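Structure record follows, encoded as structure tokens.
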2 protein chains.
Amino acid sequence: MNKFKEIFLDLEQKILANEYPPHSLLPSENQLIKTYGVSRETVRKALNLLRDAGYIQKKQGKGSIVLDLNRFDFPISGLTSFRELQDTQRIPSETKVVEIRKIAVSPKLHETTGWPVASEAWKLIRQRRIDGEVVILDKDYLDASIIEELPENRAKVSIFDYFENDLGLEIAYAQKEITVDPVNKELRDLMDLRPEDQHVVTVRSLVYLEDTRCFEYTESIHRLDKFRFVDFARRRKI
Amino acid sequence: MNKFKEIFLDLEQKILANEYPPHSLLPSENQLIKTYGVSRETVRKALNLLRDAGYIQKKQGKGSIVLDLNRFDFPISGLTSFRELQDTQRIPSETKVVEIRKIAVSPKLHETTGWPVASEAWKLIRQRRIDGEVVILDKDYLDASIIEELPENRAKVSIFDYFENDLGLEIAYAQKEITVDPVNKELRDLMDLRPEDQHVVTVRSLVYLEDTRCFEYTESIHRLDKFRFVDFARRRKI
DNA sequence: TAGTGGTCTAGACCACGCC
DNA sequence: GCGTGGTCTAGACCACTAC
């Protein structure tokens with residue numbers, strides 16, 4: 001474990017434990033240098049991680065102010081997977097694999113992912129049930145030249161877990177798009193929509209590895225009333 | 001201007017000009033040190049900015065790979081304001097100020113923003129018209145102890161511009177939430193909704209200054225068919 | 001083995017806030 | 001004036017990639 005990561009985790013845990021409550025100041029960089037016995041740049045790296053994660057706001061001449069953001073809000077999509085969401089929010093839920101098989105890449109899927117037409121891909125469809133109702137439908141397409149095996153029992157839990165821990169893949173970044181789309185017959189069959197539901201929220205994600213290969217395309221389809229996306233964003237100036 | 005910002009801007013411009021096309025490598029850190037005559041940490045700061053902005057992916061032992069992301073996609077909400085969106089996407093559009101006045105902070109607004117009940121706030125409602133139709137309605141609430149004057153002709157263009165350039169406020173970060181909400185009579189009156197529209201997309205944002213004061217709460221309400229949110233996200237490991 | 005990026009150090013000077 | 005964070009330097013060692 002790197003030094004700056006250890007310092008980050010230690011400070012994060014202290015913030016979450018209210019040892020450094022909101023609106024208070026963290027110890028100064030000079031104090032942290034002494035506390036952890038490291039150089040200033042190492043302390044600053046840890047503080048920048050805290051800043052990027054939305055824990056603190058740094059102010060020249062003053063110090064690092066602890067922020068007061070709802071840490072119970074979570075993006076329901078994107079790189080934070082359904083399983084993480086469920087673990088953190090303790091929402092009783094259930095996943096059913098509807099379809100899991102290899103397909104040949106269609107021209108349309110090629111358009112989106114860049115994978116060669118007719119090459120192999122996994123198609124995975126899962127129903128996400130909360131309080132007994134299917135309110136999320138996840139459709140995943142995976143590059144079969146990267147993901148050779150896809151055991152159903154792993155798909156039932158979290159495929160990200162499987163990719164990172166079992167296959168050793170390094171997931172690096174993703175592009176996401178959120179739109180509202182009309183309901184079609186397939187969705188009515190696979191989801192517990194109410195008669196008045198004419199639309200669903202669709203979160204489309206392209207997920208990339210460290211070597212910039214795109215290995216996954218996902219459509220996560222949410223019932224309108226169950227959709228919520230929250231985000232923390234910093235002003236990018238320059 | 002800081003050295004690392006200059007290097008960032010120079011490399012960004014070269015990437016956008018296709019001097020470093022997608023999938024190619026940037027010059028190595030050692031080469032950039034010589035090119036710009038700076039130390040390695042300064043080069044690395046510039047490269048990290050490019051990474052965070054989604055321009056490159058760095059790989060140990062290999063180099064900085066230029067990514068190929070659609071730079072024409074924009075978050076339609078949040079810290080990127082409507083005016084920036086419009087400038088960049090060249091969508092012919094028009095803004096009409098419906099309401100601009102000072103109000104007393106209600107208990108409900110206090111709940112959201114933390115501003116003292118009965119203190120003064122600006123209420124600003126604007127219609128955003130695209131292709132002749134009001135498809136976005138922006139409701140802004142501003143702390144009047146921070147924003148003392150709010151000229152209507154500035155509100156018509158971009159209030160962020162006014163805050164940053166005229167008032168010298170430093171906008172630091174924001175919390176955003178996206179949900180889908182039922183339509184009510186007020187929205188039917190103020191927006192060009194179609195008869196079948198039963199819902200709208202609401203983007204709620206709390207915007208904060210460098211000193212962690214919350215100075216703005218915004219509800220940006222979008223017609224379903226005109227809403228699109230895109231994002232670039234890095235996997236946060238640790 | 002040579003070259004790449006990742007981490008870490010010890011020091012310098014500057015800009016800002018607060019008293 | 002003192003302490004704070006912001007920028008920058010010169011150098012070290014390590015881990016990874018490619019050949």
Side-chain angles (χ1 to χ4, degrees), chain A residues 1-11 20 23-52 55-67 168-170 172-173 209-213 234-238, chain B residues 1-11 20 23-52 55-67 168-170 172-173 209-213 234-238:
Chain A
M1 180 73 85
N2 301 325
K3 291 186 183 179
F4 72 91
K5 285 186 188 173
E6 277 176 19
I7 297 170
F8 167 83
L9 289 172
D10 191 50
L11 291 173
Y20 302 125
H23 309 296
S24 70
L25 293 177
L26 290 188
S28 74
E29 294 183 352
N30 274 320
Q31 285 173 292
L32 292 173
I33 288 168
K34 290 172 196 155
T35 303
Y36 295 105
V38 296
S39 72
R40 183 152 172 236
E41 283 301 326
T42 303
V43 163
R44 287 176 57 73
K45 256 191 207 177
L47 291 177
N48 286 340
L49 287 178
L50 289 169
R51 180 199 58 194
D52 294 344
Y55 285 113
I56 61 170
Q57 174 70 14
K58 300 204 280 180
K59 193 94 181 95
Q60 206 174 41
K62 190 159 183 200
S64 299
I65 308 163
V66 178
L67 298 183
L169 297 177
E170 297 270 8
Y173 58 94
L209 300 176
E210 293 246 319
D211 58 8
T212 76
R213 282 183 298 173
R234 289 201 166 268
R235 179 81 163 163
R236 200 173 89 77
K237 17 175 207 222
I238 276 172
Chain B
M1 179 73 85
N2 300 326
K3 290 186 183 179
F4 72 91
K5 284 186 189 174
E6 277 176 20
I7 297 169
F8 167 83
L9 289 173
D10 191 51
L11 291 173
Y20 302 125
H23 309 297
S24 71
L25 292 177
L26 290 189
S28 74
E29 294 183 352
N30 275 320
Q31 286 173 291
L32 293 173
I33 288 166
K34 289 172 197 154
T35 303
Y36 295 104
V38 296
S39 73
R40 183 152 171 236
E41 283 300 326
T42 302
V43 162
R44 286 176 57 73
K45 256 190 207 176
L47 291 177
N48 286 341
L49 287 177
L50 289 169
R51 180 200 57 195
D52 294 343
Y55 285 113
I56 61 169
Q57 175 70 16
K58 300 205 280 181
K59 191 96 180 95
Q60 205 174 41
K62 189 160 184 199
S64 299
I65 308 162
V66 178
L67 298 183
L169 296 177
E170 297 271 11
Y173 58 94
L209 300 175
E210 293 245 322
D211 58 9
T212 76
R213 282 183 298 173
R234 288 199 168 271
R235 179 80 164 163
R236 200 173 89 77
K237 13 176 208 226
I238 276 174

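Note that the coordinates shown come from a computational prediction; the quantities given were computed from them, not determined experimentally. Here is the naming used below: chain letters follow the sequence lines, and residue numbers restart at 1 for every chain.
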Atom [atom1] of [X] and atom [atom2] of [N]: how far apart are they, to the nearest Å?
X        : N      : atom1 : atom2 : answer
A/Asn48  : C/dC8  : CG    : P     : 14 Å
B/Phe4   : C/dC14 : CZ    : C1'   : 14 Å
B/Leu209 : C/dC16 : CG    : C1'   : 17 Å
B/Leu47  : C/dG5  : CG    : P     : 8 Å
B/Leu32  : C/dG3  : CG    : C1'   : 14 Å
B/Glu29  : C/dG6  : CD    : C1'   : 8 Å
A/Gln57  : D/dT4  : CD    : P     : 18 Å
A/Arg44  : D/dC8  : CZ    : C1'   : 11 Å

I'd like to know if the side chain of [X] and the backbone of [Y] have a donor-acceptor N/O pair within less than 3.5 Å.
X        : Y       : result
A/Arg234 : A/Arg51 : yes
A/Glu6   : A/Lys3  : no
B/Asn2   : B/Phe4  : no

- [ ] Tell me which nucleotide among D/dG5, C/dT7, D/dT4 gets nearest to the side chain of A/Asn30.
- [x]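 In terms of side-chain proximity for A/Asn30, the closest of D/dG5, C/dT7, D/dT4 is D/dT4.
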TODO: Between protein and nucleotides 9-19 of chain D, map the contacts as a letter string: B base, S sugar-phosphate only, - none, heavy atoms under 4.0 Å, written 5' to 3'.
DONE: BB-B--BBBS-
Which distance, rounded to the nearest 0.5 Å, do you find between the [atom1] of [X] and the [atom2] of [Y]?
X        : Y        : atom1 : atom2 : result
B/Ser64  : B/Leu32  : OG    : CG    : 8.0 Å
A/Asp211 : B/Lys62  : CG    : NZ    : 7.0 Å
B/Arg235 : A/Leu209 : CZ    : CG    : 11.5 Å
B/Thr35  : B/Ile7   : OG1   : CD1   : 9.5 Å

Task: Phosphate contact (D/dT4 OP1 or OP2) by A/Ser28 side-chain N/O below 4.0 Å - done: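 A/Ser28 to D/dT4 OP1/OP2: side-chain N or O found under 4.0 Å.
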Task: Nearest-nucleotide 5' precedence on DNA chain C, A/Met1 against B/Ser64 - done: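 First, find each residue's nearest nucleotide; the 5'-ward one identifies B/Ser64.
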